[in-house]
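Taking it in order: structure first as structure tokens, then the write-up.
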4 protein chains.
Amino acid sequence: MKQIKAGLVGVTGYTGMELTRLLANHPVIRLSHVTSRSEAGKSLRDIYPFLHGLDMGNLTISEPDPEKLARECDLVFLAVPHGAAMEMAAALRASNLKVVDLSADYRLHDASVFAAWYKSGHNQPDVLAEAVYGLPEVHGAAIAAASMVANPGCYPTSAILALAPALQHGVIDPDDIVIDAKSGTSGAGRKAAVGSLFCEVADTFKPYNLGKHRHTPEIEQELSEIAGRNIVVSFNPHLLPINRGIVSTIYTRPVKAITEEAVRDMYVKAYESHIFVRVLPPGTLPEARNVRGTMFCDIAVVYDPRTQRLIIVSAIDNLCRGASGQAIANANLMCGLPVETGLLLAPMVP
Amino acid sequence: MKQIKAGLVGVTGYTGMELTRLLANHPVIRLSHVTSRSEAGKSLRDIYPFLHGLDMGNLTISEPDPEKLARECDLVFLAVPHGAAMEMAAALRASNLKVVDLSADYRLHDASVFAAWYKSGHNQPDVLAEAVYGLPEVHGAAIAAASMVANPGCYPTSAILALAPALQHGVIDPDDIVIDAKSGTSGAGRKAAVGSLFCEVADTFKPYNLGKHRHTPEIEQELSEIAGRNIVVSFNPHLLPINRGIVSTIYTRPVKAITEEAVRDMYVKAYESHIFVRVLPPGTLPEARNVRGTMFCDIAVVYDPRTQRLIIVSAIDNLCRGASGQAIANANLMCGLPVETGLLLAPMVP
Amino acid sequence: MKQIKAGLVGVTGYTGMELTRLLANHPVIRLSHVTSRSEAGKSLRDIYPFLHGLDMGNLTISEPDPEKLARECDLVFLAVPHGAAMEMAAALRASNLKVVDLSADYRLHDASVFAAWYKSGHNQPDVLAEAVYGLPEVHGAAIAAASMVANPGCYPTSAILALAPALQHGVIDPDDIVIDAKSGTSGAGRKAAVGSLFCEVADTFKPYNLGKHRHTPEIEQELSEIAGRNIVVSFNPHLLPINRGIVSTIYTRPVKAITEEAVRDMYVKAYESHIFVRVLPPGTLPEARNVRGTMFCDIAVVYDPRTQRLIIVSAIDNLCRGASGQAIANANLMCGLPVETGLLLAPMVP
Amino acid sequence: MKQIKAGLVGVTGYTGMELTRLLANHPVIRLSHVTSRSEAGKSLRDIYPFLHGLDMGNLTISEPDPEKLARECDLVFLAVPHGAAMEMAAALRASNLKVVDLSADYRLHDASVFAAWYKSGHNQPDVLAEAVYGLPEVHGAAIAAASMVANPGCYPTSAILALAPALQHGVIDPDDIVIDAKSGTSGAGRKAAVGSLFCEVADTFKPYNLGKHRHTPEIEQELSEIAGRNIVVSFNPHLLPINRGIVSTIYTRPVKAITEEAVRDMYVKAYESHIFVRVLPPGTLPEARNVRGTMFCDIAVVYDPRTQRLIIVSAIDNLCRGASGQAIANANLMCGLPVETGLLLAPMVP
């Protein structure tokens with residue numbers, strides 16, 4: 001098969017790092033161009049010794065240059081912080097490059113919602129208008145037809161996949177959704193910050209940004225679309241002393257008489273053609289390690305008759321499924337490849 | 001001051017271990033007798049090398065013998081598994097010993113509730129009748145008058161302290177309480193089990209026993225008493241890859257117009273005479289490490305106007321506040337000492 | 001290419017678990033039969049939820065039965081504890097099955113050395129006589145011709161690869177070798193033992209079995225063969241609070257004037273045709289995570305002119321390179337496949 | 001007893017944090033003045049929520065001002081980076097304040113050695129001349145008479161205590177000492193640096209600065225003084241994914257026939273009047289957690305007759321014994337208090 005040449009803008013963060021890991025074994029997409037302002041001139045293996053011995057390690061890092069990227073690539077992954085991605089994406093789109101943007105800049109369709117949560121305006125309305133929200137199970141057809149994909153946030157991926165079937169089938173009260181989410185520390189990125197130091201995170205646990213996390217509007221946008229009405233969720237993140245993994249425990253109430261079995265069957269059916277979502281059998285609950293390093297989203301539904309609550313739990317790897325792996329799945333679809341190309345990995349346990 | 005001689009039945013678990021740590025520096029209560037069937041004949045420092053160089057390390061472990069305990073002790077801490085504690089407590093009470101039982105055997109006043117959740121009957125109704133639930137902030141006076149104290153479970157300690165003021169003042173809907181609790185692994189005890197191995201717990205995270213944990217009826221018993229009506233809670237535990245610490249994130253709904261500030265003030269007032277409860281200022285959230293090794297229970301209240309939810313977060317050290325430290329606090333009260341005697345420790349951070 | 005059908009005897013330990021992960025994506029060797037006395041009758045995904053959604057997860061576990069294995073497999077991986085492997089290997093060899101034994105039972109050529117270190121005699125001298133020590137870089141040709149391969153221990157893999165070139169070229173004093181090795185906890189296996197509990201291993205570090213570890217004679221056997229004289233090493237293991245990884249820091253003295261550069265060049269040359277050994281450039285030291293989940297052995301040489309010591313550091317993943325991955329590499333060679341078939345994985349960082 | 005008022009210059013690092021923990025319960029030394037350029041104006045509990053509910057938490061942080069410190073304090077702990085401490089110490093000494101400097105600036109008696117390893121000159125020769133190396137077991141009398149104490153580095157504390165008796169008694173070859181040391185990450189300090197991020201340290205392990213660490217000359221200075229001849233050591237540090245703890249495994253050769261028992265007896269005797277050093281019984285090896293949060297230095301000696309090596313292992317808590325606790329021990333001695341005042345803590349396990 002003809003190789004697809006991919007560029008990676010911003011290789012020094014954890015999502016850039018994970019893209020190199022995943023593309024090292026991709027059968028069709030070849031990483032051909034990587035950029036970083038701070039590390040330009042070095043080879044990839046200079047900054048990532050784990051890439052020694054792999055062809056990709058020989059790639060030379062260059063300054064980000066849209067024209068050069070346009071000449072050398074078919075598609076570009078943008079792995080730079082939000083804000084920085086906005087104009088780079090526009091420049092790349094102006095050169096007709098396919099773009100998968102891993103930042104938050106193009107996820108929210110409504111620029112005013114973006115402005116409210118991110119405290120800065122959106123200045124690329126044209127690109128925003130063509131951006132597709134890149135959650136393959138929900139928008140697979142649109143992604144396949146898109147040239148500009150906004151890669152979902154990690155928390156939203158775990159929350160939307162967990163809630164979509166229940167909302168679509170009207171099983172739960174759309175006004176009573178609490179998401180208690182716990183994420184590994186790679187979600188905080190690779191920038192030097194006291195709060196992300198080993199000694200500040202290890203052997204402890206804490207909530208943060210309760211009710212105020214920027215992934216909230218993204219979850220609400222997608223769930224509202226699925227439910228066909230406005231959805232407001234209580235989204236509450238916590239920081240786990242692990243590298244990778246998000247577990248979301250979601251508290252809902254059924255609006256009619258249900259059985260756990262019937263809801264599970266509905267979920268199994270909803271995801272039967274989606275290889276990356278694994279609806280677990282009765283008695284098995286999602287666990288971060290069971291999806292480590294993979295695209296899997298494990299989901300369990302638990303009905304508690306004592307309290308009449310339907311608890312939905314999902315687990316993903318925030319770096320792979322929640323960022324770089326999903327970006328490659330989107331790239332696969334955009335290039336006409338099966339979504340799982342190069343991504344059907346077995347979890348690393350332990 | 002006259003020393004109080006304490007016995008410890010069951011020294012080989014984590015709660016026994018923690019009792020030795022805390023009593024090593026207690027100014028009044030002296031550990032004078034320790035027992036273990038499996039380690040009898042050894043000295044404490046043989047099984048716990050961390051006690052070398054401390055006087056306590058020289059104590060010889062003996063077989064548990066109620067008569068001998070009665071001769072040599074003023075008070076006994078029972079740190080054996082539930083079930084095993086039931087008859088030992090009765091034997092010790094028959095010898096008029098003061099008892100603090102760290103197991104679950106005497107926490108539930110209603111023997112039929114015990115039987116339903118623990119799948120075995122209660123055969124010591126007389127001792128059960130005299131047992132006081134040992135949460136000092138709630139039952140301080142009764143504890144001070146008691147000879148038999150049932151030491152609270154770790155999760156219930158974190159949940160009850162977090163919810164008591166709000167329920168007492170009728171601020172929240174008593175029919176809409178969800179407790180999402182996360183505990184360090186020492187809560188699983190020190191018995192050899194594959195599920196507690198390092199490689200099964202490290203670098204991962206998972207829920208377990210959703211809606212079915214045995215600490216549920218204990219929480220409901222105490223909250224019902226506080227609220228003056230029957231309370232049913234959705235209690236959902238998770239396992240953290242840390243040694244110590246419980247963080248409970250509790251989702252409630254106010255029943256009337258509130259401000260976060262007013263609720264916080266109510267909490268500050270409720271706990272102003274309780275040295276171990278720290279109601280945190282605005283913007284500060286509880287964190288497991290901030291209470292590490294101590295009796296502190298940190299509490300924050302957060303009102304989210306978007307979703308009209310009142311989120312209450314509490315953090316304790318499950319081994320100290322949630323077990324052995326609280327047992328000593330109860331012993332202090334039972335012996336006429338200030339509750340904080342020997343327990344006003346500074347958290348170890350990092 | 002014609003598929004090779006592999007059996008796995010003993011699937012419940014960490015090496016069995018890792019074999020399933022690695023074989024899930026192997027292009028030629030297909031896991032067709034798995035056994036476990038304790039889990040017979042279940043499917044693989046029942047005991048390993050991480051295998052949901054992968055074909056392999058559907059495999060039914062059966063009782064170990066050499067005849068059935070002989071009928072259904074071309075090759076068998078033995079992942080049972082030492083002692084248990086001895087007779088099973090003999091039974092499988094009697095059926096002419098190719099065997100890769102991950103236990104220690106066939107690693108030591110001299111049965112009396114085995115008896116001295118493992119405190120039990122060896123009762124299968126014929127199978128022992130045909131067993132090849134399965135370190136591909138050292139015994140590649142013999143492995144390719146073998147039907148019975150003893151898969152090396154994890155510590156020996158890291159130590160032998162680090163020392164082989166220096167000893168072969170007579171660069172270091174063969175009487176002055178100290179190996180300070182540190183291993184992740186998966187090396188202790190998956191059996192329920194208090195010493196391997198999360199709370200006994202996390203947030204701490206310790207040496208164990210100094211000078212007495214059973215991997216010592218294995219290291220000495222191989223190094224003696226390489227050096228052409230008897231080698232005695234001081235081998236000293238330590239337990240790391242991580243899942244996977246061995247880092248060995250090896251202290252030696254040069255016997256003649258050397259430069260760090262010349263020794264590094266010698267190592268580069270020694271391993272230039274061995275894809276899994278990465279001799280790192282100046283200034284880069286091996287690190288456990290850089291080989292996580294892979295077959296890579298990273299090696300650095302550091303000459304300290306102040307003390308005239310040559311320090312050699314190696315890092316491997318004890319479960320992959322140190323056990324299951326190496327077993328597959330051996331199987332590849334035994335089946336006429338390139339050693340790296342299905343094993344050229346990119347490390348997972350972070 | 002009359003209280004001693006202590007100042008703390010530089011409260012925002014881990015050593016400053018640990019000083020607050022330890023002084024919170026000190027019976028004589030009261031922390032009365034804390035400084036930080038970046039946090040001046042806040043209270044201690046604003047930056048350290050773990051100090052809520054403790055008196056010390058109310059202290060207001062001010063800008064460092066030697067004159068104010070001189071007016072308000074009897075003694076000052078300097079917990080600022082090396083370089084910054086040099087002039088501050090001189091200013092405080094000019095005001096006749098007792099000083100315990102936790103930085104490296106005054107540890108090396110020879111300014112040229114300092115210049116060679118720290119790449120910058122020493123400009124306070126007078127203060128350097130009066131500085132005593134604050135290792136209580138070695139220089140107790142001098143410390144008691146001193147007004148200026150250079151608090152030892154963490155690695156040197158673990159190495160010197162482990163080697164002192166053997167060198168003093170001429171048991172080991174002074175030209176053949178290899179120290180393989182492993183430290184928790186708090187040793188790297190609390191500054192924002194990518195290399196200290198959780199995701200760069202967790203679940204991995206690595207050596208660094210082999211043969212080149214700045215603590216080397218400090219170890220050599222002290223060991224040379226003890227041995228009465230020049231000592232050069234091979235000192236090799238590694239980074240552990242734990243918060244606290246240093247374990248040093250030290251490889252030596254006896255110069256005459258020894259028994260493990262005789263060497264252990266010699267160590268027991270050497271430290272019998274030193275409460276913080278625990279020479280472990282046969283079969284027990286030091287472990288980081290056994291000294292967690294304390295001043296204990298655990299030491300074991302192991303003689304390996306196969307290789308004729310004497311292996312000495314020591315464990316300390318790098319933050320307590322290796323920094324802040326030792327600083328308080330020095331302050332105790334300087335103020336005429338027993339060295340263990342406020343420091344006889346029981347280790348926190350688990």
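Values in this document were obtained by computation on a predicted structure and should not be read as measured data. Note on naming: letters A, B, ... go to the chains in the order of the sequence lines (proteins, then strands), and numbering restarts at 1 for each one.
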Of the backbone (N, CA, C, O) and the side chain (C-beta and beyond), which part of D/A193 lies under 4.5 Å from a heavy atom of chain A, both, or neither?
backbone
I'd like to check D/L197 versus A/Y14 (side-chain heavy atoms, cut-off strictly below 4.5 Å). Are they in contact?
yes
Please identify, among A/G184, A/A188, A/S196, A/G195, the residue contributing the most non-hydrogen atom pairs under 4.5 Å to chain D.
A/S196
Closest approach of D/S186 to A/C199 (non-hydrogen atoms, all atoms of both residues):
N-SG, 3.3 Å
Nearest non-hydrogen partners of D/A192 and A/V194, listed with the distance:
CB-N, 3.9 Å
